[in-house]
Structures are given as C-alpha cells and as structure tokens.
Amino acid sequence: MAFLFIATLAISLFCANFSFSSVIAQSNSGKILIMVTSADYPPYEFRKTGSGNNEIIGFDIDIAQYISQKLGYQLEIRDTDFSGIIPALQSGRADFAMAGMSPTAERKKNVDFSDIYYESKNTIVAKAGSNLNKHEDLTGKKLGVQLGSIQANATKKLKNVQVIFLNKTGDIIQEIKSGRIDAAIMEDTIAKGFIANNADLQFNVIPSDAEETGSAIVFPKGSALLKQFNPVLEDMKKTGKIEELVKKWFGDPAVIITDNNDKIPAGTTTKKSPLSFREIAASIPFILEGILVTLQFTLISTFFGFIWGIVLALCKISTIKPLLYFANGYTSIFRGTPLLLQIALIYYATPQLTGYDIPALFAGVITFTLNSGAYVSETIRGGILAVDKGQIEASLSLGIAYIPMMKDIILPQAVKNILPALVNESIGLLKDSSLVSTIGVVDVLRRAQIVGAEKYIYFEPLLLAGMIYYVMVIGLTWVGGKLEEKLHRSS
C-alpha cells in the first residue's frame, strides 16, 4: 500500500508537470519562439547554479533575447545535448538554435544558418609543458573533440591522429587530466575558463586555422525566420550591440578572470587544490533539486513497467498463439536494442511522425516503461511457472475463473518469490534514469554536468552526483528488504 501511495503521488506530480508542458506547447501557436541549446558551454550558454536560479544565461542567450524582442516574440529556451541540437530542429521541436555553432558545409545540408555573429579561434588544450602548439605537433597523439562540433570536422584533415569523440567539453577536459588523451581542440573562449580552473592544463591558439568560421544562428531547412533574423543581426553589429555583449561575456581576450576575480594572462595556469568541494558548495542545492525528478521518474517507470510486465508475462504463458508471438517478439526487440537508442527514437521520432511535441520527461517515462516491461515480464513469467501447478488445477476444478485465479492466488505467490529480482530491476531503473539527461531532463546527473560546465571543473560535481545515487539506491534496497520481510511474515 505504501508503494502504491508513493507511485500515485509521483504520477500526480508528473501529470501536473505534463499539463504545464502541454500549455506551453499550445501557446507556441502564438508569438513564442522556441530556441534549443546545450547549456553546458559557458560563456555562450550555461546556468548560474549558485544563485538558486535555474535560468539559462550567456552570450548566445542575450542575443536571442534581443532579437526575439525586436521581432515581437517571447523566447522559450530548451536544453539538450550538443549532438541533439540539429535533430531537435529537424523534428520540429524548436524554431532555431544557438550554441556557438559554426556553419560548415556538412551542416548546411541539413539546416540553414544566419550570418556570422561572432568569430573565434581554435586552440589546442593539453597538460602544462606538453608543447603542443600547432596541428603538426599532434601527430601520433590521442585527440579529444566534442561530438558534432566544428572541431570534430577539423580533425578530418589531420594525419596520424587518433580522434576520440565525446559529448561534452567537460568530458574532454577530464580525459586530458586522467591521461587517456593527449590533447583537445576547442574554442579559445571555452579553453580560457578551463585553464583558469585547472592548474595542470594550458592552451595555445592554433595559427591560421582554416576552420575559424565563427558562430551563427541555426534554423530548420527553409525556415522563414532566417530572413527576419539577419537584418536584426546586421543592426546589432552596426550599433555596437554585439561588441557590447562580447565585452560583457568574454572580456579581454588576452586575460583570464578567475572565480575570485583575479586576472592572469591567457595561456598560463593558476594554482588550485586537486579536490575542492568549496568551489561547488553554492551549487549543491541546485544538484540536490534533481533528486525529486530522478525519484519521480523512477517510481512512475517502475509502477507502469511492472503493470506492463504482468500483461506481457500472461501473454507468454497464454495458449493463444498471436499473443505468445507478440510478447516474445516484443521482448526480443526491447532487450536486443540499446536503451539510449530507444530514448532517442521516441523523443525525436515522435514529433516527426505524429506532429506531437512529446515532453522530454514523458518520453523518458514511456521508454523506460516499455523497456522495463520486457525484462520484468521474464521475471514474472518465471515466478508464475514456479508456483505449483496443482494450485492452478485446484482453482480451475473449483470453478474459479482465470483472471480472479491469477489476481488472487497465483500472482501474489509469484511476486513474493521474485521480489528480490523486482527490487534489482527498480535499482537498475534508478541508475539508468541518468540516461534521460541526454534529452534535456534536468535530473541529478544533468545538474552535476551543468555545475561542472559552469565552474570549469568536472570531478567534484560528478562525485557528488555519485554519492546521491548511492544513497538513493541504499534507501531503495532498505525499502525492498522491509517489504520482503513483511511478505514472508504474512505467509
């Protein structure tokens, strides 16, 4: 009963969130522009988590707000992984995107770009003293780049270089620090922040880099907004508005400003302790707020996954051949394909195929419910088959119908026998829930990554996230143990 109450409460909260999301989506038919970005790329777009405000801010955000106001629109910002920005535009989830993205020839095949609004330079980031200054120095090295970035495209011209593709710049920095890769290529504006907060790293601007094409606004192919945005961008350049925002967010390109407002020359390093939670202390409440999202997601997915698993299990032991074939085929598909692929397909394909803009959290719940049902069905089927056949025969001989027999006699015994396996499945769901961060759900892991991007450090917020997940798993294990004890006492 306690589990049912918690699940019902979580479902109610989810429905409230879903209704709110639906209202926002419906209002898009008016004067609202939806912008998609990857809010882990300061100073272009990021969250100031220490202020207690979950708002996305940055250079790109200020430009988007200015243009939207000039054109008479309200702006709604949606967050996702960098590699998911173009798919979001193609699926109709957003009207435009800004994420420090450069208009390469390959990208232009799938999306349209505005005029360039900011030009930057590529840099080589490596451990201090590596003496990696130009492309030729990277020969024979392991090189990290962000998946889908212009830097990833630039590596195609490099010879004898092993390229490692990662989703986030923070991941790349951590790989350099751990020694798994030798260097990375990233923009100078991004590299400056990481160097200021990682004393063992340095960067060097790549001379005469052919990929210095700058940043532009991205639109779906054939979007009418392109002709509206370009004149405003041109006006912002002429009036000095762009330059004003450049000074606001980037400051002096030859100087790095640290968290303590100290100024040091670009390309040098600062001394910082190897492990310091003090720097993320103000952002800890922001990370903890993700616990509610993670638990809500896990409870709903577990509840509906269990119900769906029962249906599939009954189909598998049915004598009706079509139901048997359906259940076995379904299980084979969902156990035979990666969960991350299933999430991406449901989230990005649904709007493209149906025209319905499914919220990210809702897409995650559907995916995990369908996936969990496939695994749980096998566990429940095993539990049902473990019940003595004599009880089924006795029930039928007494004239008890099939459904009441299953509900009141067979399933309660089966659930008691398989409870440890069901608890393990719930724990697996809790940990795997971090995968929904890839489609923009701001759970514990996503919040830790956001803090890492904002502070230009990575290990500390991820370690905190790991501790939070561990505590939640211990709590879920304790609840499962107590429930198992209660069922054994009542038998």
Side-chain angles (χ1 to χ4, degrees), residues 38 40-44 82-83 85-86 99-109 113 116-216 218 246 250 252-256 264-269 453 456 458:
S38 180
D40 57 1
Y41 205 55
Y44 287 95
F82 186 82
S83 58
I85 289 177
I86 290 180
M101 190 176 288
S102 301
T104 63
E106 190 67 27
R107 288 172 179 166
K108 287 180 179 179
K109 296 177 183 177
F113 286 90
I116 299 293
Y117 61 84
Y118 180 72
E119 294 186 3
S120 59
K121 296 181 180 295
N122 282 340
T123 68
I124 297 175
V125 179
K127 287 188 175 181
S130 299
N131 197 31
L132 302 177
N133 303 311
K134 53 187 181 298
H135 285 151
E136 291 75 13
D137 297 333
L138 298 174
T139 302
K141 305 292 186 182
K142 286 185 178 180
L143 183 67
V145 290
Q146 187 178 31
L147 181 65
S149 67
I150 189 173
Q151 289 77 28
N153 187 58
T155 60
K156 296 178 181 178
K157 301 177 182 180
L158 302 180
K159 298 180 180 180
N160 300 320
V161 174
Q162 182 180 350
V163 181
I164 309 297
F165 298 97
L166 297 166
N167 276 330
K168 301 180 183 298
T169 52
D171 296 343
I172 298 171
I173 294 298
Q174 194 61 32
E175 289 292 88
I176 296 174
K177 291 169 69 69
S178 63
R180 294 192 183 95
I181 60 177
D182 300 301
I185 295 181
M186 61 180 62
E187 282 190 20
D188 55 340
T189 51
I190 308 303
K192 283 168 54 179
F194 281 113
I195 298 309
N197 289 272
N198 293 274
D200 53 341
L201 302 180
Q202 68 178 33
F203 77 93
N204 293 291
V205 175
I206 303 173
S208 303
D209 197 314
E211 297 293 335
E212 296 170 13
T213 55
S215 302
V218 198
V246 167
F250 299 131
D252 185 347
V255 172
I256 296 174
I264 62 173
T268 60
T269 59
Y456 295 102
Y458 209 57

Interatomic spacing from CD1 in I195 to CG in D188 - rounded to 0.5 Å
11.5 Å

Is there a donor-acceptor contact under 3.5 Å from the side chain of S102 to the main chain of G214?
yes

Closest non-hydrogen contact found for A126 with A183 is CB-CB, 4.0 Å

Is a donor from one side chain sitting under 3.5 angstrom from an acceptor on the other, for N131 and N133?
yes

Note: A184 and I172 closest approach over all heavy atoms is CB-CG2, 3.2 Å

Could you measure the distance from the CD1 atom of I206 to the CD1 atom of I185? Nearest 0.5 Å is fine.
4.5 Å

Indicate the atoms forming the closest heavy-atom contact of F250 with K192, along with that distance.
O-NZ, 3.4 Å

So which heavy atom on F113 is nearest to which on P103, and how close?
CG-CB, 3.4 Å

Rounded distance (nearest 0.5 Å) linking atom CG of N160 with atom CD of E136
12.0 Å

Within the supplied structure, the quantity of interest is the number of heavy atoms (other residues, nucleotides, ligands) at a distance under 6.0 Å from K177 NZ; does it exceed 12?
yes

Kindly indicate whether the side chain of F194, heavy atoms from C-beta on, has any atom under 4.5 Å from the side chain of V125.
no

CD1/I86 to CE/M101 distance, rounded to the nearest 0.5 angstrom?
5.0 Å

Decide yes or no on side chain to side chain contact (heavy atoms under 4.5 Å, CB included) for T123 and M186, but give the supporting numbers first.
CA-CA 6 Å; T123 68; M186 61 180 62; 4.2 Å; yes

State, with a plain yes or no, whether a side-chain heavy atom of I124 is found less than 4.5 Å away from one of L138.
yes

Once rounded to the nearest 0.5 Å, what's the spacing between atom CD1 of I176 and atom CG of N198?
9.5 Å

Criterion side chain to side chain contact (heavy atoms under 4.5 Å, CB included) on V218 and I85, from CA distance to verdict
CA-CA 9 Å; V218 198; I85 289 177; 5.6 Å; no

Taking atom types as modelled and ignoring hydrogens, do the side chains of E187 and Y44 form a donor-acceptor contact shorter than 3.5 angstrom?
yes

Apply side chain to side chain contact (heavy atoms under 4.5 Å, CB included) to the pair V163 and V145, showing each step before the final yes or no.
CA-CA 7 Å; V163 181; V145 290; 3.7 Å; yes

On a heavy-atom basis, which atom in V161 and which in L143 lie closest, and how many Å separate them?
CG1-CB, 3.7 Å

For residues D137 and L132, report the shortest heavy-atom separation together with the two atoms involved.
O-CD2, 3.4 Å

Could you grab the distance from atom CG of D182 to atom NZ of K127, nearest 0.5 Å is fine?
9.0 Å

